[in-house]
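Here is how names work: the chains are called A, B, and so on, in the same order as the sequence lines, proteins then strands, and each is numbered from 1.
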Amino acid sequence: MTSKRLFSVFAITAVLTGAVFAGGTVSAEDSSTITDLQLVQIRARCSEVKATLGRVHANDALLRVNRGQLYERLSTKLAAPLNSRIALNRLDGSALLTVTSNYDQHLNDFRTHYQTYEEQLSATMRIDCVNQPAKFYDSLQDARAKRQIVNESSQRLASDIAEYKQAFTEFARSYREKK
Amino acid sequence: MTEEQHEEHRAYQLAKNRFVILIISSIAISLLLVCIALAMYAWSGAAQVDLSRPGYGDIRNKVDEVEEPTAFPNSGPIDKEVLDSYEKLYDKTASQVTSVNTFESGVLSDEALRINEDPAATANQ
């Protein structure tokens with residue numbers, strides 16, 4: 001009974017703490033929201049802003065397709081076959097395997113993050129910025145944050161690519177030394 | 001109407017209803033399958049890389065053609081020549097991927113969209 005009561009107190013405290021932090025987050029977001037001048041600018045340039053977002057949206061889709069092809073190619077046509085060949089030759093390619101595994105995980109993250117960003121940008125473009133400029137701006141800020149996450153994913157992949165090259169160079173050096 | 005005729009009429013009605021039910025259920029199943037397919041299309045991320053959607057006509061022809069064959073053979077011996085050729089292939093693809101910083105956040109900034117607080121800065125752009 002006492003433990004049940006303790007658990008209830010703990011649960012209520014946890015919920016209240018969560019609510020306080022959530023409230024804090026919301027108010028922090030509110031404080032960085034749009035100014036009156038920006039409201040006026042968004043209303044006045046609504047179609048222009050939406051046209052710009054449309055161009056960004058289309059270019060991003062193209063970039064996603066082109067980059068996606070290259071990312072896939074690096075993994076499935078280069079890294080995986082070499083790892084397999086090293087294993088078949090009974091050589092130690094564990095460092096390469098680790099980097100490839102990280103790369104594949106980060107590639108999955110990139111796909112997910114891009115999807116989330118694209119959905120957010122599309123949702124932003126659907127908002128009527130003449131009648132709901134504040135909502136439009138909030139959505140735009142969300143899209144920016146999600147784009148930043150996609151950018152970070154892309155940079156992580158670039159870092160994995162460099163790391164794989166480093167692991168490969170090390171592998172090749174040790175192989176040549178043994179021969 | 002005799003009992004026999006009545007039975008015949010009932011059988012005819014049942015057969016007719018079965019046909020209507022068959023058509024309705026076929027349409028319902030088709031609609032359900034279309035809904036499932038569209039949901040999968042949206043959730044899987046296929047929609048994001050589908051440039052055949054409306055609004056992508058201008059950029060569709062800008063998709064880079066993948067040069068084939070680029071796959072590194074996954075079997076065979078490993079020697080100096082193999083490692084050198086792999087390195088060249090890898091460097092070529094890696095340089096294409098890492099040459100440009102992608103998805104940088106500046107393109108969605110207030111300045112880029114010309115909704116920044118300073119009208120003078122906006123006018124100068």
Side-chain angles (χ1 to χ4, degrees), chain A residues 35 37-38 41-42 45 48-49 52-54 56-71 73-74 76-78 80-82 84-86 88-89 91 111-112 114-115 117-118 121 137 140 143-144 147-148 150-151 154-155 157-158 161-162 164-165 168-169 172 175-176 179, chain B residues 42-51 53 55-60 62-80 82-84 86-87 89-91 93-98 100-110 112-119 122:
Chain A
T35 62
L37 180 61
Q38 284 178 310
Q41 285 180 328
I42 288 174
R45 297 201 177 102
E48 194 186 317
V49 170
T52 307
L53 289 183
V56 170
H57 188 235
N59 285 330
D60 282 348
L62 181 66
L63 192 60
R64 165 69 183 85
V65 170
N66 286 338
R67 277 297 157 109
Q69 282 182 350
L70 290 169
Y71 287 147
R73 200 196 305 179
L74 264 175
T76 59
K77 305 249 171 124
L78 293 176
L82 179 72
S84 161
R85 197 157 165 169
I86 289 171
L88 283 171
N89 282 273
L91 297 167
R111 288 192 198 106
T112 312
Y114 180 80
Q115 188 179 350
Y117 159 68
E118 197 273 344
L121 189 59
Y137 193 73
L140 179 65
R144 278 176 193 157
R147 187 185 175 87
Q148 182 56 34
V150 178
N151 178 254
S154 175
Q155 284 175 2
L157 283 169
I161 290 166
Y164 188 87
K165 176 67 203 277
F168 172 79
T169 309
Y175 177 81
R176 282 172 191 137
K179 287 285 160 183
Chain B
W43 290 334
S44 67
Q48 278 73 35
V49 289
D50 180 7
L51 298 185
R53 288 182 292 166
Y56 294 95
D58 296 340
I59 57 156
R60 213 169 290 151
K62 291 180 185 168
V63 175
D64 294 340
E65 292 297 323
V66 180
E67 296 164 26
E68 297 286 354
T70 52
F72 183 74
N74 60 4
S75 60
I78 288 196
D79 52 31
K80 190 181 172 303
V82 168
L83 291 176
D84 287 345
Y86 180 83
E87 192 165 16
L89 201 57
Y90 186 85
D91 286 347
T93 312
S95 66
Q96 286 175 304
V97 180
T98 54
V100 185
N101 183 23
T102 52
F103 301 107
E104 46 106 15
S105 50
V107 293
L108 292 183
S109 66
D110 288 348
L113 297 173
R114 302 178 68 204
I115 49 170
N116 47 341
E117 280 187 73
D118 182 9
T122 306

For this session: Among A:T112, A:L140, A:T169, A:T52, single out the residue with the greatest number of heavy-atom pairs under 4.5 Å to chain B.
Result: A:L140

Exercise. Parallel under 30°, tilted from 30 to 60°, perpendicular over 60°: which one fits the rings of B:Y86 and B:F72?
Worked result: perpendicular

Exercise. Salt bridge or not for B:E87 and B:K80, using N-O below 4.0 Å?
Worked result: no

Seminar exercise, completed: From the list A:L63, A:L53, A:L88, A:N59, the residue making the most non-hydrogen contacts under 4.5 Å with chain B is A:L63

Exercise. Does A:R64 make a cation-pi contact with A:Y114, if we ask for NZ or CZ under 6.0 Å from the ring centre and within 45° of the axis?
Worked result: yes

For this session: Output yes when B:D79 and A:R176 qualify as a salt bridge under the 4.0 Å nitrogen-oxygen rule, no when they do not.
Result: no

Seminar exercise, completed: Whatever's closer than 4.5 Å to a heavy atom in chain A on B:L51 counts as side chain

Problem set entry | Side chain, backbone, both or neither of B:S95 within contact of chain A (heavy atoms, under 4.5 Å) | neither

Exercise. What heavy-atom pair brings B:T98 and B:A94 nearest, and what distance separates the two atoms?
Worked result: OG1-O, 2.8 Å

Exercise. Which region of B:A47, side chain (C-beta onward) or backbone (N, CA, C, O), has a non-hydrogen atom less than 4.5 Å from a non-hydrogen atom of chain A, or is it both or neither?
Worked result: neither

Exercise. Is it the side chain or the backbone of A:D60 that comes within 4.5 Å of chain B heavy atoms, both, or neither?
Worked result: both

Problem set entry | Residue, of A:V65, A:L157, A:L91, that accumulates the most heavy atom pairs under 4.5 Å with chain B | A:V65

Problem set entry | Pairs of heavy atoms under 4.5 Å with chain A: top-ranked of B:D91, B:V97, B:T93, B:V49 | B:V97

For this session: Indicate whether any N or O donor in one side chain lies under 3.5 Å from an N or O acceptor in the other, for A:N66 and A:Y71.
Result: no

Exercise. If you tally heavy-atom pairs under 4.5 Å against chain B, which of A:G54, A:S154, A:A58 wins?
Worked result: A:A58

Problem set entry | Residue selection (most heavy-atom pairs with chain B, distance under 4.5 Å) from A:R67, A:Q148, A:Q155 | A:R67

For this session: Report yes if the distance between the aromatic ring centroids of A:Y164 and B:Y90 is under 6.0 Å, otherwise no.
Result: yes

